[in-house]
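Reviewing the structure listed below.
None of these values were measured; they are calculated from a predicted model.
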Amino acid sequence: MPQQQIAFDAELLRRYNRPGPRYTSYPTAPQFNADFGEMQLRDAIQASNEEPIPRRLSLYVHVPFCFSPCFYCGCNRIITRDKARGEAYLARLHREIALYAPLFDRDREVIQLHFGGGTPNFLAPDQLGDLVDALRRQFHFADSGDRDISIEIDPRFCDPEWMAALARIGFNRASLGVQDFDPVVQQAVNRIQSVEDTRAVIDAARNAGLRSINVDLIYGLPKQNLEGFSRTLDVVTGIRPDRLAVYSYAHLPHLFKAQKQIKDDDLLDGEAKLALLQLAVEKLTAAGYLYIGMDHFALPGDDLAKAQARGGLHRNFMGYTTHANSDLLGLGVSAISHIGNTFSQNPRDLPSWEGAVDAGNLPVFRGMRMSEDDELRADLIQALMCQGEIPVTALERRYGIRFDEYFAASLEQLQPLVEDQLVEIEPGQITATSRGRLLLRNIAMCFDRYLDPPAADTRPRYSRAI
């Protein structure tokens, strides 16, 4: 698709700033249930092996440990400085790999491996190397140039010399958490991180030959302001990472205990938060970054931008990737897999995951098998989130439906967004406009059949759109 500019309409963004899923999957994780377990996952893997052309594999490894708590964090993580816990966790990861690997046909290529957390660099390079070697021995890694081996890095706990070691292991992408360089904001969220240390890790990664660097920022953090965030954006665009993710801070202390450390008085109101988003959009686009969607920006030469231009962008639990049509196997506590038309998740608490692995069981505690309706809506939402378009004609042919009849209720929900010029309905296609590009979640929600009216407990389960 041709790259489209973003039109920033503050009044519209205020009006549509409501809670909703981020659509790293459809159906979303709250729909997973305990009826889907180990037997169902084994059946799904076997069925995926028997496809006429089996899909390639993406692997995700979750490392839950962090050295210190960041108060904004909503990730599944365990705070500790005890490196022995990493050793014990690695031992069980090796066992989990040995449980899964024989289930997949050896001719199925691994095209992507990603380490997330937590803080993956809680583990030393030699530990990470041993784990990657184990995966290489037991799975068939692709030799193609588009193979990705990526890792999330906390620069505060990464010796720049490590980057050369990671490159030798095979890592070719790294994502660094920054959030904000303003010292006042860093103090408020318990994450003190210097520009110099961050730049040193990025320089070392580039010198080691990693082909893509991503930097994460967050807007809406306590005590942020336009002046401080502007300085952060100027520093980051000066460093010029290949990709940027600019996330909205979601304050959900009833879900994430660490956020209770943040004082309500330090949080920004809606107007101030919107101003930060507008500043980020303006500065990043002026610096030459393209808006990919859902908080993500990339330089025109980056693989994400190229994949979007050719229609090959994909979105899953790892965020945006360039590897569509692959099965995802998640390893480690809380990791999610997407095999064929199924989703499954490992236990979110460490003891339950450990117990399952120690017993020699695939550590599945919930999941689901998608219905044909789920698959149709998943394809629709995937196209919308990745390309900003709903390919009506293609979906009609693929699923044998009349779009306007099948989605009559959804199109009725979509009508106010059409009237607000967030989407355009044309013959054979529905397209997000420049005004709607920042509100893809809201468009997708019109096609989500699982979104019921709020229950008695009105505390939001999802973050807001902006």
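- Not a single salt bridge (Lys or Arg N to Asp or Glu O under 4.0 Å) links E152 to another residue, sequence neighbours left out.
- Every residue meeting the side-chain contact (heavy atoms from CB on, under 4.5 Å) condition with V235, not counting sequence neighbours, appears here in chain and number order: F181, V195, R199, I239.
- Side-chain N or O atoms of T433 include one that pairs as donor or acceptor with a backbone N or O of L422 at under 3.5 Å.
- With N121 as the partner, the side-chain contact (heavy atoms from CB on, under 4.5 Å) test is satisfied by one option alone out of L166, I153, V63: I153.
- Each side chain to side chain donor-acceptor pair (under 3.5 Å) pair with one or both residues in residues 99-112, not counting sequence neighbours, appears once here: S48-R108, N49-R108, S58-Q112, R108-D327.
- For R377 and D448, the salt-bridge test fails: no basic side-chain N is under 4.0 Å from an acidic carboxylate O.
- In this structure, M163 and C158 have side chains that are in contact, with non-hydrogen atoms separated by less than 4.5 Å.
- P363 is listed as a side-chain neighbour of V357, based on a closest heavy-atom distance under 4.5 Å.
- Within the 6.0 Å centre-distance limit, the rings of Y89 and W353 are counted as a close aromatic pair.
- In this view, D148 and R173, R211 satisfy the salt bridge (Lys or Arg N to Asp or Glu O under 4.0 Å) rule, not counting sequence neighbours.
- Listed by first and then second residue, the ring-ring contact (aromatic ring centres under 6.0 Å, His included) pairs that reach into residues 257-277 come to none, sequence neighbours excluded.
- Using modelled atom types, no side-chain atom of D216 and backbone atom of V178 make a donor-acceptor pair closer than 3.5 Å.
- More than 12 heavy atoms of other residues, nucleotides or ligands lie within 6.0 Å of CD in E375, so this atom counts as buried by the packing criterion.
- Stacking of R240 on the aromatic ring of Y289 is recorded, both the 6.0 Å distance cut-off and the 45° axial limit being met.
- Aromatic ring centres of F115 and F171 lie closer together than 6.0 Å.
- Legend: residues meeting ring pair (Phe, Tyr, Trp, His ring centres under 6.0 Å) with Y72, ordered by chain and number and at least two apart, are absent.
- Every pair passing ring-ring contact (aromatic ring centres under 6.0 Å, His included) that includes a residue from residues 116-157 is listed here, sequence neighbours excluded: F65-F122, F67-F122, F67-F157.
- When side chains are defined from C-beta on, N33 counts as touching M368, because their heavy atoms get closer than 4.5 Å.
- With a 4.5 Å cut-off on side-chain heavy atoms, S68 and R156 count as touching.
- Of the possible polar contacts, one joining the N190 side chain to the P69 backbone as a donor-acceptor pair under 3.5 Å is found.
- Distance alone, capped at 3.5 Å, is enough to place a donor-acceptor pair between the R437 side chain and the Y291 backbone.
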Exercise. For side-chain contact (heavy atoms from CB on, under 4.5 Å), just list the numbers for E96 and L93, CA-CA rounded to whole Å, side-chain angles, deciding distance to a tenth of an Å, and then say yes or no.
Key: CA-CA 5 Å; E96 186 182 15; L93 271 178; 3.8 Å; yes
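- V189 is listed as a side-chain neighbour of P222, based on a closest heavy-atom distance under 4.5 Å.
- A donor-acceptor pair is defined here as one N or O able to donate and one able to accept, closer than 3.5 Å; such a pair exists between the side chain of S337 and the backbone of G330.
- Looking at Y450 and T28, their side chains never come closer than 4.5 Å, going by heavy atoms from C-beta outward.
- In this structure F32 satisfies the ring pair (Phe, Tyr, Trp, His ring centres under 6.0 Å) test together with F343, sequence neighbours excluded.
- Salt-bridge check for R22 with D295: passed, with a basic side-chain N closer than 4.0 Å to an acidic carboxylate O.
- Around atom CD of E227, no more than 12 heavy atoms belonging to other residues, nucleotides or ligands sit under 6.0 Å away.
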Quiz prompt | Residues S212, D302; criterion side-chain hydrogen bond (donor to acceptor under 3.5 Å, both in side chains); working and verdict | solution = CA-CA 8 Å; S212 182; D302 186 79; 3.2 Å; yes
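- Annotation for D126: atom CG counts as buried by contact number, over 12 foreign heavy atoms lying within 6.0 Å.
- For H314, there are no ring pair (Phe, Tyr, Trp, His ring centres under 6.0 Å) partners, not counting sequence neighbours.
- Residues satisfying the salt bridge (Lys or Arg N to Asp or Glu O under 4.0 Å) test with R147, not counting sequence neighbours, are none.
- Take F104 and apply the ring pair (Phe, Tyr, Trp, His ring centres under 6.0 Å) test, not counting sequence neighbours, and it matches no residue.
- For N442 (side chain) and Y16 (main-chain N/O), a donor-acceptor pair under 3.5 Å exists by modelled atom type.
- Using cut-offs of 30° and 60° on the angle between ring planes, the pair H114 and Y60 is parallel.
- Of the possible donor and acceptor atoms, one in the side chain of Q259 sits under 3.5 Å from a partner among the backbone N and O of L252.
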Practice problem: Using the side-chain hydrogen bond (donor to acceptor under 3.5 Å, both in side chains) rule, take N316 and T24 through it: C-alpha gap first, then chi angles, then the decisive distance, then the call. | Solution: CA-CA 5 Å; N316 60 22; T24 50; over 6 Å; no
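- A salt bridge links E11 with R15: the closest approach of a Lys/Arg side-chain nitrogen to an acidic carboxylate oxygen falls below 4.0 angstrom.
- Residue Q186 holds its CD atom at 5.0 Å from CD1 of I192, rounded to the nearest 0.5 Å.
- Atom CG of residue L176 and atom CD of residue Q179 lie 10.0 Å apart, to the nearest 0.5 angstrom.
- With contacts defined as side-chain heavy-atom distances shorter than 4.5 Å, the pair L90/L131 qualifies.
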Exercise. Please test D154 against R191 for salt bridge (Lys or Arg N to Asp or Glu O under 4.0 Å), starting from the C-alpha separation and ending with a verdict.
Key: CA-CA 10 Å; D154 185 337; R191 187 186 175 102; 3.4 Å; yes
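- Interatomic distance, CD1 of I151 versus OG of S175, reported as 10.5 Å (0.5 Å rounding).
- Within 6.0 Å of NZ on K257 lie no more than 12 heavy atoms contributed by other residues, nucleotides or ligands.
- T198 has its side chain within reach of Q193: a pair of non-hydrogen atoms, C-beta onward, lies under 4.5 Å apart.
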Please tabulate, for side-chain N and O atoms in residues 273-284, each donor-acceptor pair with protein atoms closer than 3.5 Å (sequence neighbours left out).
from : atom 1 : to   : atom 2 : distance (Å)
K273 : NZ     : S248 : OG     : 2.8
K273 : NZ     : Y249 : O      : 2.7
Q278 : NE2    : E282 : OE2    : 3.0
K283 : NZ     : D234 : OD1    : 2.8

